[in-house]
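Got a structure here, written out as structure tokens. Questions coming.
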Amino acid sequence: MPTPISHAAVGFAIAAWTQQRPPTRRVCLVAAACAALPDIDYFGWPVAHRAITHSLTFALVGAVVATLVFFRGPPWTEQRGRIAVTLGLALLSHACLDALSRYSYGLEFLAPFSEQRYRFAWTPLGNPSGSLTGQLVQEFFVVFLPAILLGWLGFKARGRGLPAKAAAT
């Protein structure tokens, strides 16, 4: 049962590794928000949970809209396409994490074109009969902590340019 915080951590990590050097915090923060966004359907959205907001269509449209809203203007012109792909991956990561959960009926990956629900064959996250505390601990070690570490490593590894000696050769 990935929480919005874990989804955001995964989106942040994706952005830290997919940007040109050095990664910008703005792209990472928008990617984190995009990765958590599909759960808006849980809070009174007028559609079923894990339906259209968890679809490939939503990821595509959401990435384009977020890119146009948060990255307009000349400073972002050259990177806008790459940023849109990054935000799309962050949005898609949400559905992929939810498809790893064993306690749901699946997701409508192909909405609005199909109401068929899918889930991955391997579903290591969640236990329908387990306690909430146990699920949160599992999520912390399986999703959140690795995402935070990967995001931090992305900033460390990609935040620096090539050393002067290596650039000269």
Open item on the list: Are Val64 and Val85 connected into the same hydrophobic cluster when the rule is that any two of I, L, V, M, F, W, Y join if their side-chain heavy atoms are below 4.5 Å apart?
Closed with: no
Task: Residues that Arg117 engages under salt bridge (Lys or Arg N to Asp or Glu O under 4.0 Å), provided they are two or more places apart - done: Glu108
Task: Common cluster, Ile5/Phe140, ILVMFWY with side-chain heavy-atom separation under 4.5 Å - done: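 Yes; Phe140 is reachable from Ile5 via cluster members.
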Task: Leu153 atom CG, neighbour heavy-atom count above 12 within 6.0 Å - done: yes
Open item on the list: Main chain of Gly73, side chain of Arg80: is a donor-acceptor contact present, judged purely on distance under 3.5 Å?
Closed with: yes
Open item on the list: If I take atom CG from residue Asp98 and atom OG1 from residue Thr123, how far apart are they, to the nearest 0.5 angstrom?
Closed with: 12.5 Å
Open item on the list: For Thr24 and Gln19, which I'm curious about, is there any donor-acceptor pair between the side chains at under 3.5 Å?
Closed with: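 Yes, side-chain donor-acceptor contact under 3.5 Å.
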- [ ] Provide the closest heavy-atom pair for Pro38 versus Ala35 in the form atom of the first, atom of the second, distance.
- [x] CD-O, 3.7 Å
Open item on the list: Tell me whether Val27 shares a hydrophobic cluster with Leu150, the cluster being built from Ile, Leu, Val, Met, Phe, Trp, Tyr side chains joined at under 4.5 Å.
Closed with: no
Task: Whether over 12 other heavy atoms sit under 6.0 Å from Glu115 CD - done: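 No.
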- [ ] Specify the closest pair of heavy atoms between Ala36 and Pro4, including all atoms of both residues, with the distance to one decimal.
- [x]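 In terms of heavy atoms, the two residues are closest at CB-O, 3.8 Å.
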TODO: Go through the steps to decide whether Phe113 and Thr57 satisfy the test side chain to side chain contact (heavy atoms under 4.5 Å, CB included), and finish with yes or no.
DONE: CA-CA 9 Å; Phe113 308 107; Thr57 304; 3.5 Å; yes
Task: Derivation and outcome, side chain to side chain contact (heavy atoms under 4.5 Å, CB included), residues Leu125 and Gln135 - done: CA-CA 8 Å; Leu125 298 177; Gln135 289 184 22; over 6 Å; no
Open item on the list: Can a donor-acceptor pair be found, under 3.5 Å and without considering hydrogens, that links the side chain of Thr86 to the backbone of Ala15?
Closed with: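 Not confirmed, Thr86 side chain does not pair with Ala15 backbone.
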Task: Polar side-chain atom of Glu139 near backbone of Thr3 as donor-acceptor pair, under 3.5 Å - done: yes
- [ ] Grab the two heavy atoms, one from Cys28 and one from Ala16, that are nearest each other, plus how far apart they are.
- [x]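 That would be SG-N, 3.7 Å.
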Open item on the list: Between Ile148 and Val10, is there shared hydrophobic-cluster membership here, with clusters defined by ILVMFWY side-chain heavy atoms closer than 4.5 Å?
Closed with: no
TODO: Can you see which heavy atom on Ile52 is nearest to which on Phe58, and at what distance?
DONE: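 Answer, listing the atom of Ile52 first, then Phe58: O-CB, 3.1 Å.
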Open item on the list: Once rounded to the nearest 0.5 Å, what's the spacing between atom CG of Leu68 and atom CD1 of Ile83?
Closed with: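 One gets 11.0 Å once the value is rounded to the nearest 0.5 Å.
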Open item on the list: For the backbone of Ala99 and the side chain of Arg50, can you confirm whether one donor and one acceptor N or O come within less than 3.5 Å of each other?
Closed with: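 Such a contact is absent between Arg50 side chain and Ala99 backbone.
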Open item on the list: Nearest 0.5 angstrom please: Gln138 CD to Phe144 CZ, how far?
Closed with: 15.5 Å
- [ ] Please determine which of Ile14, Leu87, Leu89 meets the side-chain contact (heavy atoms from CB on, under 4.5 Å) test together with Cys34.
- [x] Leu87
- [ ] Identify the heavy atoms of Ser101 and Pro2 that sit nearest to each other, and give their distance.
- [x] OG-CD, 3.4 Å
Task: Distance under 6.0 Å and angle within 45° of ring axis: Arg26 vs Phe70 - done: no
Open item on the list: Can you list everything that forms a ring-ring contact (aromatic ring centres under 6.0 Å, His included) with Phe109? Sequence neighbours excluded, please.
Closed with: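 Applying ring-ring contact (aromatic ring centres under 6.0 Å, His included) to Phe109 gives none.
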Open item on the list: For Leu110 and Gln116: C-alpha separation, side-chain torsions, deciding distance, then whether side chain to side chain contact (heavy atoms under 4.5 Å, CB included) applies.
Closed with: CA-CA 8 Å; Leu110 302 176; Gln116 175 68 41; over 6 Å; no
- [ ] Of all the heavy-atom pairs spanning Thr18 and Arg82, show the shortest one and how long it is.
- [x]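 Closest pair (atom of Thr18, atom of Arg82, distance): O-NE, 2.7 Å.
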Task: Within 6.0 Å of CZ in Arg25, more than 12 heavy atoms from elsewhere - done: no
Open item on the list: Could you walk me through whether His94 and Asp39 satisfy the side chain to side chain contact (heavy atoms under 4.5 Å, CB included) test, starting with their C-alpha distance in whole Å, then the side-chain angles of each, then the deciding distance to 0.1 Å, before giving a yes or no?
Closed with: CA-CA 9 Å; His94 185 108; Asp39 274 342; 3.1 Å; yes
Open item on the list: According to a hydrophobic-cluster definition based on side-chain heavy atoms being under 4.5 Å apart (Ile, Leu, Val, Met, Phe, Trp, Tyr only), do Phe71 and Val65 belong together?
Closed with: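 Yes; tracing contacts between hydrophobic side chains, which count when under 4.5 Å, links both residues.
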